[in-house]
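Below you will find the structure I want to go over with you.
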Amino acid sequence: MTGITIRPLTRHDQGVWQFLWHEALVYFGADDAAFETMPVLWDRLLAPDEQLKGWLILWHGVAAGLAHVVLRLHTFSARPVGILEDLWISPPPAGRGLPKPALPI
């Protein structure tokens, strides 16, 4: 699909990440603790020594979604592997060609 860019989160993305993550938490009916830990999660996503990494999904240059990946050791590789922890595509772009997950991830 053309028009999709996926890139690591940067400090400049905090506002858009908060909007998208809040949107995901509401959609999935997260409890209050999930909302309260948003600042901690943001710091972890950007900390170079953390195993949790964040990605921003852009649709024609506009933030449309996010992904959180946990890096961990794997028995079939000398390098860490990424395990998809969260994937969220905002509803407005989902109707314009971006796939939306059918089930919570």
Side-chain angles (χ1 to χ4, degrees):
M1 282 186 259
T2 61
I4 297 174
T5 304
I6 301 172
R7 64 165 177 77
L9 286 171
T10 69
R11 291 257 174 231
H12 303 291
D13 298 322
Q14 185 171 6
V16 71
W17 174 85
Q18 285 176 328
F19 175 84
L20 290 166
W21 187 235
H22 185 272
E23 193 176 57
L25 293 177
V26 169
Y27 180 85
F28 290 114
D31 62 14
D32 291 342
F35 291 92
E36 293 166 6
T37 60
M38 283 178 66
V40 174
L41 176 57
W42 174 252
D43 288 340
R44 286 181 179 165
L45 288 167
L46 295 180
D49 58 335
E50 286 283 346
Q51 299 303 304
L52 186 63
K53 305 297 177 192
W55 300 84
L56 192 61
I57 302 164
L58 304 171
W59 175 250
H60 295 288
V62 177
L66 56 77
H68 299 149
V69 175
V70 177
L71 298 178
R72 70 173 191 83
L73 299 177
H74 193 275
T75 56
F76 289 180
S77 174
R79 300 182 320 174
V81 297
I83 306 297
L84 183 63
E85 181 77 11
D86 302 298
L87 174 63
W88 175 251
I89 304 296
S90 188
R96 295 191 303 265
L98 268 175
K100 181 154 182 75
L103 300 171
I105 294 177

Give me the atom names and distance for the closest heavy-atom approach of V16 to A63.
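Answer, listing the atom of V16 first, then A63: CG2-CB, 3.2 Å.
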Connected to L73, directly or through other members, by ILVMFWY side-chain contacts below 4.5 Å are none
| request: Take L41 and L52, measure what side-chain contact (heavy atoms from CB on, under 4.5 Å) needs, and give me the verdict at the end. | output: CA-CA 9 Å; L41 176 57; L52 186 63; 3.3 Å; yes
Nearest heavy-atom approach of M38 to Q18 is CE-O, 3.6 Å
Quick one: does L87's side chain get under 4.5 Å of I57's, heavy atoms only?
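A side-chain contact exists here, since the closest heavy-atom pair is under 4.5 Å.
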Test of understanding: with side-chain contact (heavy atoms from CB on, under 4.5 Å), list the residues that count as partners of T10, not counting sequence neighbours.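 With sequence neighbours excluded, T10 shows a side-chain contact (heavy atoms from CB on, under 4.5 Å) to R7, H12, D13, given in chain and number order.
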Y27 vs W88 aromatic rings, parallel, tilted or perpendicular, using cut-offs 30° and 60°? tilted
If hydrophobic residues (ILVMFWY) are linked whenever their side-chain heavy atoms come closer than 4.5 Å, directly or via other members, who joins V81 in its cluster?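 Result for V81 is I83.
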Across all chains, not counting sequence neighbours, the ring pair (Phe, Tyr, Trp, His ring centres under 6.0 Å) partners of F19 are none
In short, L20 meets G65 closest at the heavy-atom pair CD1-O, 3.7 Å
Indicate yes or no: at least one non-hydrogen side-chain atom of E23 is less than 4.5 angstrom from one of S90.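 Yes, their side chains come closer than 4.5 Å.
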W42 meets the ring pair (Phe, Tyr, Trp, His ring centres under 6.0 Å) criterion, sequence neighbours left out, with W17
In short, W59 meets A64 closest at the heavy-atom pair CB-CB, 3.8 Å
Subject >> Residues that D32 engages under side-chain contact (heavy atoms from CB on, under 4.5 Å), provided they are two or more places apart >> reply: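 With sequence neighbours excluded, D32 shows a side-chain contact (heavy atoms from CB on, under 4.5 Å) to E36, given in chain and number order.
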Nearest 0.5 Å, please: how far is CG in L66 from CG in L45?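 These two atoms lie 9.0 Å from each other.
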